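Report on the structure given below.
Along the sequence shown, the residues carry numbers beginning at 1. Every value quoted in this text rests on a predicted model; they were computed, and no experiment measured them.
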Amino acid sequence: CRTLVGLMATSVFVTHATCYARVLLEAFLYGFRRNGTPDEAGGFAEGVVFFLINIRFIMAEKHHTDANLDVQRRVFLLKISFLFIVALFLDTTYQFLESKIVSFSASTKISNHIRALMTYILLLLPSCYVIFSVCKLVNIGTALAIVILDGSTIIQIVGSLLVYTLFLYDVKYSLENLDDTIFYIRAFVNILVFVGAVIYSCSGLWLIKVEGLSWIQTPCLIIHIYNEVWNKFKDGYDAFILRRNCRKKINSLTWATNEELCNHGDVCSICYQGMSSAKITPCGHFYHRNCLEKWMNDNNTCPLCSYRISV
């Protein structure tokens, strides 16, 4: 990667390599039964980031005249850039496969669950290795971007593993308040990831203040702050408000008495299971509290008659 042409060629190779690695991992998840084709945009982020990182190194190397020192420095920078690309690949692959893996939790085949859990592990182990390798090469402060990116991926994978395990446990033992438990797990994970993004943003702003504006670093930092800090804060706040309003609506509904349940003599219209307790909507329909809460997280109306439910 000493020349611009060599760097561009290597970046194209990184793009295709990460794309096909992601396709291979997806094929493993589905038991190699799907004949998927690589996404045209797959691996593009890794290739662009590799190019931007190394073109900065090429520009900086023009000031070095010692050949021996130049080779040592080049090997060191290549290791750092490689670890960053691996960390980015693991993060983007996790985001790409997460919804697909979760869909396997409803499967009745043990082989599907084994492949889903193995996919999580195949993402988790390299992520841990990246953190270990970075800490061996440099201190955490020097490679803060890699540590935060990879640490966020590890936290999210562990959280998803825990949620998937709860899904499997619920199938056999029917956990009480499963939705609340999953919500709190995901909220805790998202808070940790958000804190990491804020720390990285603050360190980037401090670096700009010390070293001045950079035509590569400054735009990347602005994009990071917008996507990883502002958008995630807004989405998290909206989800919190939505859940709080849903709780208020559910709590404002009256509980059905034993006499009303006997007179009703029917199942919950959402889960089609019998009811030992139920909430009554203003339109007079009976539902399990948890079933109605799940419904009202996405809707403001009665499931049967579409009557608008408000506090």
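Grouped by direct or indirect side-chain proximity (heavy atoms under 4.5 Å, Ile/Leu/Val/Met/Phe/Trp/Tyr only), Met275 sits with Leu261, Ile280, Phe286. Residue Val12 is found outside any hydrophobic cluster, as its side-chain heavy atoms come under 4.5 Å of no other Ile, Leu, Val, Met, Phe, Trp or Tyr. Other cluster members for Phe132: none, since no ILVMFWY side-chain heavy atom sits under 4.5 Å from it.
The shortest side-chain heavy-atom distance between Pro282 and Leu253 falls under the 4.5 Å cut-off. Contact of the Thr18 side chain with the Leu88 side chain is not registered, since no non-hydrogen atoms from C-beta on lie closer than 4.5 Å. Within the 4.5 Å cutoff, the side chain of Thr93 has heavy atoms near those of the Leu123 side chain. Side-chain contact between Asp150 and Val134: absent, with no pair of heavy atoms (C-beta onward) separated by less than 4.5 Å. Contact check for Ile146 versus Ile80: side-chain heavy atoms found under the 4.5 Å cut-off. Looking at heavy atoms from C-beta onward, Cys305 lies in side-chain contact with His285 at the 4.5 angstrom threshold. Side-chain contact between Ile309 and Cys283 is absent, with no heavy atoms from C-beta onward closer than 4.5 Å. Looking only at side-chain heavy atoms (C-beta outward), Val163 and Phe167 come within less than 4.5 Å of each other.
Around the CG atom of Asn258, the shell of radius 6.0 Å holds no more than 12 heavy atoms that belong to other residues, nucleotides or ligands. Other residues, nucleotides and ligands contribute at most 12 non-hydrogen atoms within 6.0 Å of the CZ atom of Arg308. Atom CD1 of Ile110 has 12 or fewer heavy atoms from other residues, nucleotides or ligands within 6.0 Å. Within a 6.0 Å radius of CZ in Phe28, other residues, nucleotides and ligands contribute more than 12 heavy atoms.
There is a path of hydrophobic side-chain contacts, each under 4.5 Å, that joins Ile131 to Leu137. In this structure, Ile101 is a member of the same hydrophobic cluster as Met118, with clusters built from ILVMFWY side-chain heavy atoms closer than 4.5 Å. One hydrophobic cluster, built from ILVMFWY side chains closer than 4.5 Å, cannot hold both Ile225 and Ile222; they sit in different ones. Note on Ile85: it clusters hydrophobically with Phe44, by side-chain heavy-atom contacts below 4.5 Å among ILVMFWY residues. Linking ILVMFWY residues whenever their side-chain heavy atoms come closer than 4.5 Å, directly or via other members, places Val48 and Phe82 in the same cluster.
Listed by chain and number, the residues in a side-chain hydrogen bond (donor to acceptor under 3.5 Å, both in side chains) with Lys79 amount to none (sequence neighbours excluded). Residues meeting the side-chain hydrogen bond (donor to acceptor under 3.5 Å, both in side chains) test with Thr92, sequence neighbours left out: Arg22, Glu46. For Tyr200, the side-chain hydrogen bond (donor to acceptor under 3.5 Å, both in side chains) test picks out no residue, with sequence neighbours left out. With sequence neighbours excluded, the residues satisfying side-chain hydrogen bond (donor to acceptor under 3.5 Å, both in side chains) with Asp180 are Arg243, Arg247. Not counting sequence neighbours, the partners of Tyr226 by the side chain to side chain contact (heavy atoms under 4.5 Å, CB included) test are Trp230, Asn231.
Rounding to the nearest 0.5 Å places CG of Leu168 at 6.5 Å from CG of Leu117. From Ile223, atom CD1 reaches atom CG of Asn227 across 7.5 Å, with rounding to the nearest 0.5 Å. Distance check, rounded to the nearest 0.5 Å: CG of Leu90 to CD1 of Ile154 gives 9.0 Å. Within the model, atoms CG of Asn290 and CG of Leu178 stand 9.5 Å from one another, a figure rounded to the nearest 0.5 Å. For the atom pair SG of Cys291 and OH of Tyr272, the computed distance is 11.0 Å after rounding to the nearest 0.5 Å. One distance of note links CG of Asn300 with SG of Cys246; it measures 8.5 Å at 0.5 Å rounding.
Pairing each heavy atom of His288 with each of Ser277, the nearest pair is CD2-O, 3.6 Å. The two residues Leu29 and Ala116 have their closest heavy-atom pair at CD1-CA, 3.9 Å. When every heavy atom of Ile157 is checked against every heavy atom of Tyr94, the shortest pair comes out as CG1-CD1, 3.7 Å. When every heavy atom of Pro303 is checked against every heavy atom of Ile270, the shortest pair comes out as CG-CD1, 3.9 Å. For the residue pair Val229 and Ser201, the shortest heavy atom distance occurs at CG2-OG, 3.4 Å. Scanning both residues, Gly159 and Ile185, for their nearest heavy atoms gives O-CG2, 4.2 Å.
Applying the ring-ring contact (aromatic ring centres under 6.0 Å, His included) test to residues at least two apart or on different chains, the pairs with a partner in residues 168-189 are Tyr169-Tyr173. Among pairs with a residue in residues 109-138, those fulfilling side-chain hydrogen bond (donor to acceptor under 3.5 Å, both in side chains) read Glu98-Tyr120, Ser107-Asn112, Asn112-Arg115, His113-Tyr164, at least two apart in sequence or across chains. For the salt bridge (Lys or Arg N to Asp or Glu O under 4.0 Å) condition, the pairs that include at least one residue of residues 275-289, sequence neighbours left out, are Arg289-Glu293. Residues in residues 219-242 take part in these salt bridge (Lys or Arg N to Asp or Glu O under 4.0 Å) pairs, two or more places apart or across chains: Glu228-Lys232.
For Phe89 and Phe96, the gap between ring centers reaches or exceeds 6.0 Å.
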Using side chain to side chain contact (heavy atoms under 4.5 Å, CB included), reason through Ile199 and Cys202 one step at a time and then give a plain yes or no. CA-CA 5 Å; Ile199 292 173; Cys202 292; 5.9 Å; no
From CA spacing to verdict: side chain to side chain contact (heavy atoms under 4.5 Å, CB included), Val14, Phe51: CA-CA 9 Å; Val14 169; Phe51 179 83; over 6 Å; no
Would you sort out whether Ile148 and Ser152 count as a side chain to side chain contact (heavy atoms under 4.5 Å, CB included), showing the intermediate values? CA-CA 6 Å; Ile148 289 179; Ser152 297; 4.2 Å; yes
What's the verdict on side chain to side chain contact (heavy atoms under 4.5 Å, CB included) for Asp179 and Asn297, showing C-alpha distance, side-chain angles and the deciding distance? CA-CA 11 Å; Asp179 286 335; Asn297 279 328; over 6 Å; no
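A donor-acceptor pair is defined here as one N or O able to donate and one able to accept, closer than 3.5 Å; no such pair exists between the side chain of Asp91 and the backbone of Ala87. Under the 3.5 Å distance criterion, the side-chain polar atoms of Trp295 are matched with a main-chain donor or acceptor of Thr301.
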